[in-house]
Visitor: 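Pasting a structure here, questions to come.
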Amino acid sequence: MNNAQIANLLLEIANLLELQQADAFRIRAYHNSARVVRDWGESLEDVVKQGRAIEGLPGVGRSTAEKIAEIVKTGTCQRLQELRAQFPAGLTELMQIPGLGPRRALMLHQKLGVSDRQALRAACLSHRVAELEGMGVKSEQKILEGLLMLDLAAGRMPYAEAAVHVQQIGEYLSHLPLIVRWEVAGSFRRRAETIGDLDILIEAGDRAAATKEILKYNLVANVIGQGAERLSVRLSSGLQVDFRFVEADSFGAALMYFTGSKPHNIALRRRAQANKWKLNEYGLFKGDTLIAGKTEPAIFRKLDLAWIAPELREDRGEIAAAATGKLPKLIEPRDIRGDLHAHTTASDGADDIATMARAARDRGYSFLAITDHSKAVRIANGLDEERLRRHAEEIRRIGATMRGFWLMAGVEVDILRDGQLDMDEKVLAELDWVIASVHSSMALGKDEMTARIIRAVSTGLVDALGHPLGRLIGKREPISFDAEAVFRACREHDVCLEINAQPDRLDLPDSLCIQARQAGVKFCLGTDAHRADELRFMEFGLNVARRAWLTAGDVINTLSPMQLRKRLRRATAKV
DNA sequence: GCCGTTTTCGGCCCGACTGTTTTCAGTCG
């Protein structure tokens with residue numbers, strides 16, 4: 001049972017308590033603990049199995065700790081079973097539909113016997129829902145639309161996809177003379193892995209006129225809500241966009257508020273409250289007097305905090321760090337001097353060596369590692385020893401023509417099922433850079449997988465562990481291994497963990513990077529580019545690194561070619 | 001259910017919008 005699974009059961013308890021209309025703070029306590037458990041670096045299953053106490057998790061007290069222990073041991077807990085017995089199974093699922101909360105879900109069940117999506121759709125279509133007290137034709141329509149949405153898009157989209165929307169909307173907004181200023185807030189500004197909807201702040205002289213103009217945007221499919229403060233629309237792509245109208249004097253406060261995250265906001269407000277102040281989307285108030293609101297830095301200053309980068313605003317200790325001057329100096333795009341994962345036509349890439357190298361140099365890089373697949377990945381035309389040798393020669397030949405640029409001869413070698421590397425050791429030892437990755441037997445059990453990876457990173461031939469989880473966001477679950485043990489092995493053998501920047505990988509993810517960093521492991525960023533154009537994915541890898549509190553010193557892509565050579569030689573010398 | 005420079009009890013962030021209502025409950029972020 002991994003932390004995410006434990007968190008899901010805690011969330012289910014929270015949802016069922018909502019149905020029960022239990023105390024709201026108790027419900028929130030379960031939501032909080034679920035979030036903390038999901039993000040927690042160490043496997044709680046391991047903690048429990050080793051007989052250690054679950055402690056140090058903020059928001060997890062005695063009661064929840066006991067439940068977690070019970071869940072690990074039995075797969076469920078008494079409290080959850082009792083709650084499940086009280087309500088039909090599908091009810092918490094109904095609460096996922098926009099506009100349906102616990103009360104309405106419960107009413108639908110009690111009055112109409114509805115307990116799953118299908119029955120709900122039927123009830124709407126036969127207009128039985130509209131007849132219920134507090135419901136009407138519009139509610140019914142809204143539920144039907146919500147059901148459609150749930151079937152259509154499974155909710156969140158990858159950050160990279162949202163970024164395309166932001167660019168399009170931004171171009172449109174920037175051409176509206178009525179709009180003085182606009183800014184994207186929300187999870188997009190925090191550069192989260194996936195984005196549920198877009199929150200865009202708008203400063204405009206005439207809100208009504210601005211609303212009209214925005215509604216003329218040709219990608220708006222329908223209006224979800226419209227008021228003096230807010231305009232919510234759905235684009236034809238299914239993406240929900242919330243426009244918030246904001247006064248100049250409140251812009252900073254609104255930016256903070258709508259950037260979130262929610263737990264971060266709550267923590268900030270408590271801090272304001274401790275001073276007998278009030279913090280909301282309009283500003284920081286002492287009584288009725290606005291004492292800060294125009295800019296974010298002004299509000300942070302009043303709260304006696306350093307400005308916190310949006311990527312850190314997840315209530316993971318950033319407020320305490322900001323209060324004590326201990327915020328990290330986060331890695332930035334200009335720190336990156338090269339890319340350490342790229343493919344060419346030699347395996348499954350679309351561009352040849354020279355094209356990839358030129359593209360990297362055009363980005364201002366000082367190095368690029370060419371890392372094509374090894375022979376086990378047949379479908380990707382993986383290289384055998386002989387082809388890899390010739391390929392490396394060709395890489396070096398082209399590299400020699402490029403002044404001030406290190407074209408690294410590397411490989412992405414497969415970690416076979418038993419942990420052996422899919423390439424002769426001699427050939428690997430001749431290369432500049434070796435990434436080892438799991439591409440097969442991904443369903444292996446946790447113990448076997450852990451042993452497999454540790455064996456591979458302990459060969460002394462590996463520089464980096466590629467896309468360690470092997471997950472594809474929303475498509476493929478991560479492989480299962482003991483992260484602490486693997487990280488320890490990586491540190492001992494001087495193996496970097498890759499942050500793979502492909503938009504649907506983002507692997508390692510931020511929470512595990514935080515844990516790995518604490519274990520003393522270094523990181524490398526790689527776009528895993530399969531065409532020259534994909535070198536731009538570096539941006540997405542940087543998002544992960546920043547969300548993981550990483551500095552330039554944690555990431556070896558910030559080294560100069562000479563420093564990098566030195567570091568890699570040292571690693572090899574240890575063998 | 002959690003938590004403690006206001007606290008081991010009694011608080012717990014705060015406001016907008018919708019749909020159905022005549023003053024508000026439910027939902028959302």
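So that the names make sense, note that chain A is the first sequence line, chain B the second, and so on, each numbered from 1.
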Visitor: Where each residue is assigned the nucleotide of DNA chain B containing its nearest heavy atom, which of A:G101 and A:K278 is assigned the position nearer the 5′ end?
Guide: A:K278
Visitor: For A:Y257 and A:L57, find the nucleotide of DNA chain B closest to each by heavy atoms; which residue's nucleotide sits nearer the 5' end?
Guide: A:L57
Visitor: Would you please test A:L198 and A:Q240 for side-chain contact (heavy atoms from CB on, under 4.5 Å) and show each step?
Guide: CA-CA 6 Å; A:L198 288 179; A:Q240 181 175 332; over 6 Å; no
Visitor: Heavy atoms only, 4.0 Å cut-off, all strands: where does A:E133 land among base, sugar-phosphate and nothing?
Guide: nothing
Visitor: Could you give the distance separating B:dC12 and B:dT18 at their P atoms, to the nearest angstrom?
Guide: 29 Å
Visitor: Considering Watson-Crick and G-U wobble pairs with both distances under 3.5 Å, what does B:dC9 pair with?
Guide: B:dG4
Visitor: Using the C1' atoms only, state how far B:dC14 lies from B:dT8, rounded to an integer number of Å.
Guide: 28 Å
Visitor: How many whole angstroms separate atom CE of A:M135 from atom P of B:dT18?
Guide: 17 Å
Visitor: Starting at atom CZ of A:R244, determine the distance to atom P of B:dG15, rounded to an integer number of angstrom.
Guide: 14 Å
Visitor: Quick check: does any side chain N or O of A:R471 sit under 3.5 Å from a backbone N or O of A:L506, one acting as donor and the other as acceptor?
Guide: yes
Visitor: Side chain of A:D23 only, heavy atoms from C-beta on: which candidate in B:dC2, B:dG29, B:dC12 is closest?
Guide: B:dC12
Visitor: What is the distance, to the nearest angstrom, from the CG atom on A:L16 to the C1' atom on B:dG1?
Guide: 16 Å
Visitor: So what does A:V137 hit on the nucleic acid, given a heavy-atom distance under 4.0 Å: a base, only sugar-phosphate, or nothing?
Guide: sugar-phosphate
Visitor: Can you sort out the partners of A:K138 under side chain to side chain contact (heavy atoms under 4.5 Å, CB included), two or more places apart, ordered by chain and number?
Guide: none
Visitor: When we call it a touch if two heavy atoms are under 4.0 Å apart, what does A:K262 touch: a base, just sugar-phosphate, or nothing?
Guide: base
Visitor: In Å and rounded to the nearest 0.5 Å, what is the CZ to CZ distance from A:R191 to A:R546?
Guide: 7.5 Å
Visitor: Which part of the nucleic acid does A:K67 contact within heavy-atom distance under 4.0 Å: base, sugar-phosphate only, or nothing?
Guide: sugar-phosphate
Visitor: Atom CG of A:L108 and atom C1' of B:dG26: how far apart are they, to the nearest Å?
Guide: 13 Å
Visitor: When you get a sec, tell me which of B:dG15, B:dG29, B:dG19 is the closest nucleotide to the side chain of A:N280?
Guide: B:dG15
Visitor: Looking only at side-chain atoms of A:R104, point me to the closest of B:dC12, B:dG26, B:dA16.
Guide: B:dG26
Visitor: Closer than 4.0 Å, any side-chain N/O of A:Q273 to the OP1 or OP2 of B:dC14?
Guide: yes
Visitor: Describe the nucleic acid contact of A:L100 in one word from base, sugar-phosphate, nothing, applying a heavy-atom distance below 4.0 Å.
Guide: sugar-phosphate
Visitor: Atom NZ of A:K142 and atom C1' of B:dG26: how far apart are they, to the nearest Å?
Guide: 12 Å
Visitor: For A:T211 and A:Q226, test the side chains for any donor-to-acceptor distance below 3.5 angstrom and give the result as yes or no.
Guide: no
Visitor: Could you tell me whether A:Q167 atom CD has more than 12 heavy atoms of other residues or ligands within 6.0 Å of it?
Guide: no
Visitor: Is A:R207 salt-bridged to A:E229, going by a charged N under 4.0 Å from an acidic O?
Guide: yes
Visitor: Rounding to the closest angstrom, what is the interatomic distance between B:dC28 and B:dT20 at atom P?
Guide: 15 Å
Visitor: At less than 4.0 Å, is any side-chain N or O atom of A:S232 found next to OP1 or OP2 of B:dC17? Yes or no.
Guide: no
Visitor: Could you work out the separation of B:dG10 and B:dT6 based on their C1' atoms and round it to a whole Å?
Guide: 11 Å
Visitor: Looking at the side chain of A:R26, which of B:dG1, B:dG19, B:dC12 is the nearest nucleotide?
Guide: B:dG1
Visitor: What's the CD1-C1' distance between A:I224 and B:dT18, to the nearest Å?
Guide: 13 Å
Visitor: Which listed nucleotide (B:dT18, B:dC17, B:dG1) is nearest to the side chain of A:E229?
Guide: B:dC17
Visitor: Just compare B:dG29, B:dG19, B:dG15 and give me whichever is closest to any side-chain atom of A:D197.
Guide: B:dG29
Visitor: Output the single nucleotide from B:dG26, B:dG15, B:dG1 whose closest atom is nearest the side chain of A:Y282.
Guide: B:dG15
Visitor: In whole angstrom, give me the gap between the P atoms of B:dT27 and B:dT21.
Guide: 15 Å
Visitor: Any side-chain N or O of A:T64 less than 4.0 Å from the OP1 or OP2 oxygen of B:dG1?
Guide: no
Visitor: Would you say a side-chain N or O of A:R230 is under 4.0 Å from OP1 or OP2 of B:dC17?
Guide: no
Visitor: On the ring face of A:F251, is A:R181 found with NZ or CZ under 6.0 Å from the centre and within 45° of the axis?
Guide: yes
Visitor: What is the distance from CG of A:L231 to P of B:dC17, rounded to the nearest Å?
Guide: 11 Å
Visitor: Take the protein atom CG of A:L284 and the nucleotide atom C1' of B:dG15, then report the distance between them rounded to whole Å.
Guide: 16 Å
Visitor: Any idea which of B:dG15, B:dC12, B:dT6 is nearest the A:A274 side chain?
Guide: B:dT6
Visitor: Using a 4.0 Å heavy-atom cut-off across all strands, classify A:I97 as base, sugar-phosphate, or nothing.
Guide: sugar-phosphate
